[in-house]
Structure formats: structure tokens, C-alpha cells
Amino acid sequence: MLRNQYDTDSLTYSPQGRIFQIEYATEAMKQGSTTIGIKSSSCVVLVALMRQADPLSNYQKKIIKISDTVLAAFSGLISDAKILVRFLQKEALNYKLEHQKDILISRLVEKYCLKAQENTQKYGSRPYGVGFIIGGIDATGTRLYECLPSGQFYEYYANSIGGRSQAANTILNRNIESLSQMSLDEIIKFGISALKESQGLGQEVKNEAISIAYINEQKVLKILTENEVNESIGHFGL
């Protein structure tokens with residue numbers, strides 16, 4: 001039997017128990033550019049490699065502010081990401097208006113993943129071809145999650161998604177024990193270094209293609225501008 005007999009929708013299992021459309025959506029996430037998230041006991045840092053659709057175009061944003069305490073970075077189909085970013089922002093804002101406090105990041109991630117999972121069990125729809133790293137600080141401390149097209153989510157100390165993510169995760173795993181005690185500047189420096197190193201030998205990474213964002217212990221959330229990224233890279237000598 002041919003594989004394409006079982007990939008026309010997300011409701012049909014193959015004889016091996018696989019749902020191919022979810023696998024295709026996961027592959028779309030892997031085709032995106034490298035995105036790295038790192039948390040310590042006092043801060044969360046996201047570092048992402050941006051791409052250009054054309055040499056004459058601007059770089060596409062990869063890191064988005066969801067609320068005053070939550071950041072998200074994505075890898076995969078940009079059009080799908082826009083829908084889910086709006087959903088996350090709306091849920092975070094509605095919760096704050098209703099309860100007069102910030103939503104727990106674990107609850108926000110659960111809401112996101114329920115929405116993503118809905119598309120895997122409706123005929124005529126397809127899974128979102130995008131994955132997210134969602135991080136921030138709430139009443140329970142620093143949090144960092146990976147959200148997959150299947151609707152699954154996992155909490156991490158550090159993780160990478162997108163292209164070259166396996167190489168990036170190898171670098172993160174080698175340094176996982178020291179990450180929790182690093183300062184904000186040390187994590188930003190390590191994140192930039194890991195992003196560049198993961199691209200492989202001979203692969204030049206332009207400073208303007210790097211996006212950096214963080215939230216610190218005082219719950220100050222910032223997405224660095226292009227000039228600030230250049231200054232940081234120059235300051236760290238990378």
C-alpha cells in the first residue's frame with residue numbers, strides 16, 4: 001500500500017499507527033530557521049535566526065511579545081504563526097482584564113496546545129505547520145516551553161527548534177548544568193554563540209539576521225533592536 005493512501009487528512013491512521021499530516025506539519029517546523037530558548041533561575045532569553053524572503057526584503061520577525069511577561073519565538077509557516085500569535089495575545093489579555101493579574105504561562109501554553117490539537121481531529125482542516133518556544137516569568141518563576149504542531153508541549157531549561165536545532169541542542173546539552181546559574185548577559189552571550197556555532201563551519205551569520213529578546217528578574221521584557229543586537233555582539237566579541 002502506498003503511503004499517500006493515508007495522508008489526505010489528519011484523521012486517518014496508517015497501519016503503523018502514524019498520522020502523516022502531523023508529521024508533515026512537524027517537518028514544516030523543522031524547515032524554519034534556528035530558534036533557541038534558555039532560562040535560568042532569574043531570566044529567560046530567546047535567540048533566533050531570521051530569514052529574508054528575498055535579498056531586497058527585510059528580515060522576517062521571529063520573536064513576538066505576547067504580554068508584559070511572556071515572549072514567543074516560532075519556526076515554520078509564518079502565516080500559521082500569525083494566527084496563533086494573535087490567539088496567544090488575545091488569551092493573555094482577556095485573562096488579565098478578567099482577573100487583574102497575569103496568566104500563568106503553563107495555562108497559556110495549555111490553551112495554545114488545545115487549539116493546535118483541534119486541527120488534528122477535524123476533517124477538512126490541517127495541523128498548523130509551526131512550532132513555538134514560549135517563555136517568561138509568572139508567579140511560579142521562570143518558564144520555558146516547546147509547543148509542537150501535534151498539540152504536545154514540553155517544559156525545558158533550554159531548547160532549540162527549527163533548522164539546525166539538533167546541533168544547537170547538542171551545544172545546549174553540553175552546558176546545561178551551568179545555565180541555571182548564569183547571569184542575563186552570560187546567557188545572551190551563550191545564546192548568540194550557540195546560534196552561530198550550530199550553523200556549521202563556513203556558514204556566516206550576519207548580525208542583522210539575529211533576533212534577541214529577554215525578560216529579567218524584575219519582569220522587564222525587551223526585544224532588542226538591530227542596533228542593540230550589534231552592540232551586544234560587539235561587546236561580547238562574537
Side-chain angles (χ1 to χ4, degrees), residues 32-50 59 61-75 81 85 88 92 102 105-106 108-109 131-138 140-147 153-165 167-199 205-238:
S33 55
T34 314
T35 303
I36 296 173
I38 305 169
K39 77 168 186 176
S40 71
S41 57
S42 60
C43 65
V44 175
V45 174
L46 301 182
V47 182
L49 182 64
M50 300 183 290
Y59 286 96
K61 274 197 216 178
K62 287 291 297 281
I63 302 176
I64 309 293
K65 176 183 175 181
I66 301 301
S67 71
D68 291 337
T69 58
V70 182
L71 287 162
F74 66 87
S75 176
V85 163
L88 287 166
D102 293 314
I105 299 171
S106 59
L108 183 63
V109 167
F132 277 82
I133 290 180
I134 298 174
I137 297 179
D138 59 21
T140 63
T142 56
R143 291 289 178 264
L144 185 73
Y145 291 90
E146 175 192 31
C147 302
F153 66 92
Y154 304 94
E155 187 169 10
Y156 285 90
Y157 292 103
N159 190 45
S160 174
I161 60 174
R164 306 294 301 174
S165 60
N169 281 327
T170 299
I171 297 167
L172 296 174
N173 287 333
R174 287 203 305 259
N175 297 272
I176 193 65
E177 292 183 3
S178 60
L179 288 176
S180 63
Q181 303 305 317
M182 285 186 181
S183 67
L184 176 60
D185 282 349
E186 288 172 333
I187 289 182
I188 292 174
K189 179 181 179 180
F190 175 74
I192 297 169
S193 177
L195 182 70
K196 289 190 170 186
E197 187 179 340
S198 67
Q199 301 311 301
V205 178
K206 296 179 180 178
N207 291 353
E208 58 265 32
I210 297 175
S211 180
I212 303 169
Y214 66 81
I215 180 168
N216 63 18
E217 196 170 13
Q218 291 73 42
K219 293 189 177 181
V220 175
L221 184 151
K222 185 172 180 59
I223 299 176
L224 273 61
T225 64
E226 184 178 327
N227 288 337
E228 289 170 333
V229 170
N230 286 330
E231 289 174 7
S232 296
I233 293 174
H235 173 72
F236 297 135
L238 297 173

**OP:** With sequence neighbours excluded, tell me which residues meet salt bridge (Lys or Arg N to Asp or Glu O under 4.0 Å) with D138.
**Re:** none
Subject >> Spacing of S183 atom OG and K189 atom NZ [to the nearest 0.5 Å] >> reply: 10.0 Å
**OP:** Over all heavy atoms of both residues, which pair between A167 and S198 is shortest? Give the atoms and the distance, please.
**Re:** CB-O, 3.7 Å
Subject >> Distance, nearest 0.5 Å, that separates CD1 of I134 from CG of L71 >> reply: 10.5 Å
Original post:
Less than 4.5 Å apart, any side-chain heavy atom of I210 and any of L195?
Top reply: yes
Original post:
Is there side-chain contact between V85 and F132, with at least one heavy-atom pair below 4.5 Å?
Top reply: yes
Subject >> Heavy-atom pair of closest approach, residues G37 and I133 >> reply: N-CD1, 3.8 Å
**OP:** State the CD-OG distance between Q181 and S41, to the nearest 0.5 angstrom.
**Re:** 5.5 Å
Original post:
Given K39, which of T142, N159, I137, V45 fulfils the side-chain contact (heavy atoms from CB on, under 4.5 Å) condition?
Top reply: T142
Original post:
Nearest heavy-atom pair of A213 and I63: which atoms, and what distance?
Top reply: CB-CG2, 3.6 Å
Original post:
What is the distance from atom OG of S193 to atom CG of N175, rounded to the nearest 0.5 Å?
Top reply: 8.5 Å
**OP:** Kindly compute the distance separating CG (L224) from CG (L46), expressed to the nearest 0.5 Å.
**Re:** 11.5 Å
**OP:** Write down the atom of G191, the atom of I36, and the distance for their closest heavy-atom approach.
**Re:** O-CD1, 4.1 Å
Subject >> K196: side-chain hydrogen bond (donor to acceptor under 3.5 Å, both in side chains) partners, not counting sequence neighbours >> reply: none
Subject >> Those residues that, when tested against M182, pass side-chain contact (heavy atoms from CB on, under 4.5 Å) (two or more places apart) >> reply: S178, L179, E186, I187, F190
**OP:** Sequence neighbours left out, what passes side-chain contact (heavy atoms from CB on, under 4.5 Å) with S67? Give chain and number order.
**Re:** T69, V70, A92
Original post:
Looking only at atom types and distance, does a side-chain atom of T35 sit under 3.5 Å from a main-chain N or O of S160, one as donor and one as acceptor?
Top reply: no
Subject >> Beyond-backbone contact of L221 with D68, side-chain heavy atoms, under 4.5 angstrom >> reply: no
Original post:
What are the two closest non-hydrogen atoms of F74 and I161, and how far apart are they?
Top reply: C-CD1, 4.5 Å
Subject >> Nearest-0.5 Å distance, CD1 of residue I38 to CD1 of residue I176 >> reply: 8.5 Å
Subject >> Those residues that, when tested against T34, pass side-chain hydrogen bond (donor to acceptor under 3.5 Å, both in side chains) (two or more places apart) >> reply: Q199
Original post:
Listed by chain and number, what are the side-chain hydrogen bond (donor to acceptor under 3.5 Å, both in side chains) partners of N216, not counting sequence neighbours?
Top reply: none
Original post:
Who passes salt bridge (Lys or Arg N to Asp or Glu O under 4.0 Å) against R164, sequence neighbours left out?
Top reply: none
Result block: side-chain N/O donor-acceptor pairs under 3.5 angstrom for residues 228-238, not counting sequence neighbours:
residue : atom : partner : partner atom : Å
E228    : OE1  : K222    : NZ           : 3.4
E228    : OE1  : T225    : N            : 2.9
E228    : OE1  : T225    : OG1          : 3.3
E228    : OE2  : K222    : NZ           : 3.2
N230    : ND2  : E226    : O            : 3.3
S232    : OG   : E228    : O            : 3.0

Original post:
K62: what forms a salt bridge (Lys or Arg N to Asp or Glu O under 4.0 Å) with it, not counting sequence neighbours?
Top reply: none
**OP:** State which residues pass side-chain contact (heavy atoms from CB on, under 4.5 Å) with S106; sequence neighbours excluded, sorted by chain then number.
**Re:** L104, Y145
Original post:
Got a sec, which pairs hit salt bridge (Lys or Arg N to Asp or Glu O under 4.0 Å) with one end in residues 176-185, sequence neighbours left out?
Top reply: none
Subject >> For Y157, side-chain hydrogen bond (donor to acceptor under 3.5 Å, both in side chains) partners two or more places apart >> reply: none
**OP:** Locate the shortest heavy-atom distance separating M50 from E208; write the atom from each residue and the value.
**Re:** CE-O, 3.3 Å
